[in-house]
Student: 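What follows is a single structure, and I will ask about it in a moment.
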2 protein chains.
Amino acid sequence: MSSTSLSGRSGVSLLYREVKKRLIADIQSGTVPPGGALPNESDLAKRFEVSIGTVRRAVDELVADNILVRQQGRGTFVGRLDRDRFMFQFFKIAARDGTREFPEVRLHSFSKSRASLEEANALALHGAQPVFRIENILSLKGRPVIHDQIVIATSLFPGLNKRAFEQRTGTVYELYQSDFGLTIVGTEERVRAEAAGESSARLLGLRRGEPVLRIERLALTFDNKPAEFRVSIVDSREFDYVSGAQPTA
Amino acid sequence: MSSTSLSGRSGVSLLYREVKKRLIADIQSGTVPPGGALPNESDLAKRFEVSIGTVRRAVDELVADNILVRQQGRGTFVGRLDRDRFMFQFFKIAARDGTREFPEVRLHSFSKSRASLEEANALALHGAQPVFRIENILSLKGRPVIHDQIVIATSLFPGLNKRAFEQRTGTVYELYQSDFGLTIVGTEERVRAEAAGESSARLLGLRRGEPVLRIERLALTFDNKPAEFRVSIVDSREFDYVSGAQPTA
DNA sequence: AAGTGGTCTAGACCACTTG
DNA sequence: AAGTGGTCTAGACCACTTT
């Protein structure tokens, strides 16, 4: 964390935006690791030479983005992409009755090849760069329900291999975060209905042609840079994709 | 602080929450109509006997919830549920290439009957209360793509009839807002894939059994009270349900 | 008791819109 | 020029957690 002062009110830069950028930089550089505590607010105010209110505003936004977590009386921490967070921010499949459970994940295949045109486009790669392809089968209530096909550029995940992937202790995103310093901060998803293809049908125990959900998810890191492209095929006979709502006071 | 109007700091009530509630009450009562301007912030501060900062915090949250809209130099306004807002907050269907257009809406049927068990449950009705049933066909790029089935309790929409519904000038939610004082503030949606039923297939020009998206949407007003239950059947061969992303600085 | 975040205040000054 | 929201400050005091 460098500590020069923040622009003497000279130009376009809003102070709280600037503070926010610096805090993000500290997270990306690993200066403050996942789960680690930030300095307290008055120290941050001194370091950045702004008032506490300005620090609070920057932190407020990072909390709203689920990047930081405040705990009154304890401190402010970098959010870990653990199971709880995965369930609340990223996993949108719920049973018909509304129940939500963490899926049991089984690795089905791990390979390396080149990006298709569509994949390169989604991941903002220049040409058919090498990618890892990972297929997972996710089970809910003991039965296979989701067929995940993950595509990630090898350049962002140097040294990743099947063993490391399989032996991770937490979520996939937590692996990205802790082993490659890559924090997923949001996703864009497109959902449609299609007839089950052969491999998904076999893996999910469906007849070919049965209607399934196809979810294309682009996972983004800071500055909206794409980091992972994932296609999920979901047997939606007993499970729904859920979205939305807005709790007001 | 002279503690007359807003709780003298005695207990649980946070001042900005209290201000927020009062502002919502003014919107619900029609004291400030859709599109109308709020008093300026210093006047609000005087009226509520709080500082401007506290007013700003309350307004900040209402802006975040898309209920109010700030315009620097002009004022703060009650958001109208017009086409623009509908497109950005509620309409989640986009062409495969990402294009989004406002759908052409055609009324297919308007009737009155009693709520099914599922509908009564969704709308929090006590028993099989009377409801209006409205079916719309929504077209995109000149072709029918969405079959909407709307269910609303007659008790919330007294005097609504086919003519009023058909001759509305704006969106359905704008009608709710302007004619019945009922503001939709958010939705909960559940999406799954199913085989097209007979009527939807006919209306959308599909073969029976073709995979379609089924979207069940519960639209909520203040305090998360359910106001409308809607089932949308979507021909997703050329259109997707889109969700998500999170713009950070 | 000490340290953290959470709420609230009072006021200066800036940026934008309108008459 | 007058009126609006937008940013930033400096500091008091409250609520919660830990030692």
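The structure displayed is predicted, hence computed values, not measured ones. Sequence lines set the chain letters: A, B, ... in the order given, protein chains first and strands last, and positions in each chain run from 1.
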Student: So which nucleotide from dG5(C), dT7(C), dT17(C) ends up closest to the side chain of Leu14(B)?
Tutor: dT7(C)
Student: If only atom types and distance count, is the side chain of Arg100(B) paired as donor or acceptor with the main-chain N or O of Met87(B) below 3.5 Å?
Tutor: yes
Student: Dot-bracket for DNA chain C: what is it, with Watson-Crick or G-U pairs under 3.5 Å, [ ] where a pair crosses earlier ones, and | for a pair to another strand?
Tutor: ||||||||||||||||||.
Student: Can you see if the side chain of Tyr16(A) gets near the phosphate of dC8(D) - specifically, an N or O under 4.0 Å from OP1 or OP2?
Tutor: no
Student: Which part of the nucleic acid, if any, lies within contact of Thr76(B), taking any heavy atom under 4.0 Å across all strands shown: a base, the sugar-phosphate backbone alone, or nothing?
Tutor: sugar-phosphate
Student: What is the distance, to the nearest angstrom, from the CG atom on Leu68(A) to the C1' atom on dG6(C)?
Tutor: 16 Å
Student: Would you indicate, yes or no, if dT7(C) has its OP1 or OP2 atom less than 4.0 angstrom from a side-chain nitrogen or oxygen of Arg57(B)?
Tutor: yes
Student: To the nearest angstrom, how far is Arg17(B) atom CZ from dG6(C) atom C1'?
Tutor: 12 Å
Student: Quick one: pull up CG in Asp223(B) and CD1 in Ile24(B) and give me the separation to the nearest 0.5 Å.
Tutor: 7.0 Å
Student: Is there any salt bridge (Lys or Arg N to Asp or Glu O under 4.0 Å) pair reaching into residues 75-89 of chain A, and which pairs are they, with sequence neighbours excluded?
Tutor: Arg80(A)-Glu174(A)
Student: When the distance from CD of Glu49(B) to P of dC8(C) is rounded to whole Å, what number comes out?
Tutor: 15 Å
Student: Would you mind reading off the distance between Leu38(A) atom CG and dG5(C) atom P, rounded to a whole angstrom?
Tutor: 8 Å
Student: Rounding to a whole Å, what distance do you find between Glu41(A):CD and dA15(D):C1'?
Tutor: 14 Å
Student: Which part of the nucleic acid, if any, lies within reach of Arg56(A) when heavy atoms closer than 4.0 Å are counted: base, sugar-phosphate only, or nothing?
Tutor: base
Student: Whole Å only: how far is the CD atom of Glu61(A) from the C1' atom of dC8(D)?
Tutor: 15 Å
Student: Quick one: on DNA chain D, does Arg74(A) or Thr54(A) contact a more 5' nucleotide (nearest heavy atom)?
Tutor: Thr54(A)
Student: With under 30° as parallel and over 60° as perpendicular, where do the rings of Phe157(A) and Tyr176(A) fit, or are they tilted in between?
Tutor: tilted
Student: Rounding to an integer number of Å, can you tell me how far Ile52(B) CD1 sits from dT7(D) C1'?
Tutor: 13 Å
Student: Nearest nucleotide by nearest heavy atom, which residue falls closer to the 5' end of DNA chain C, Gly73(A) or Arg70(A)?
Tutor: Gly73(A)
Student: For Asn40(A) and dG3(C), is the shortest distance between a side-chain N/O and OP1 or OP2 below 4.0 Å?
Tutor: no
Student: If you assign each of Gly53(A) and Gln71(A) to its closest nucleotide in DNA chain D, which residue comes earlier from the 5' end?
Tutor: Gly53(A)
Student: Examine distances only and state if a side-chain atom of Asn40(A) and a backbone atom of Ser42(A) form a donor-acceptor pair shorter than 3.5 Å.
Tutor: yes
Student: To the nearest angstrom, how far is Gln72(A) atom CD from dT18(D) atom P?
Tutor: 12 Å
Student: One thing to verify: whether Lys20(B) and Asp65(B) come together as a salt bridge, which I'm taking to mean a side-chain N less than 4.0 angstrom from a carboxylate O.
Tutor: yes
Student: Any salt bridge between Glu41(A) and Arg70(A), counting N to O under 4.0 Å?
Tutor: yes
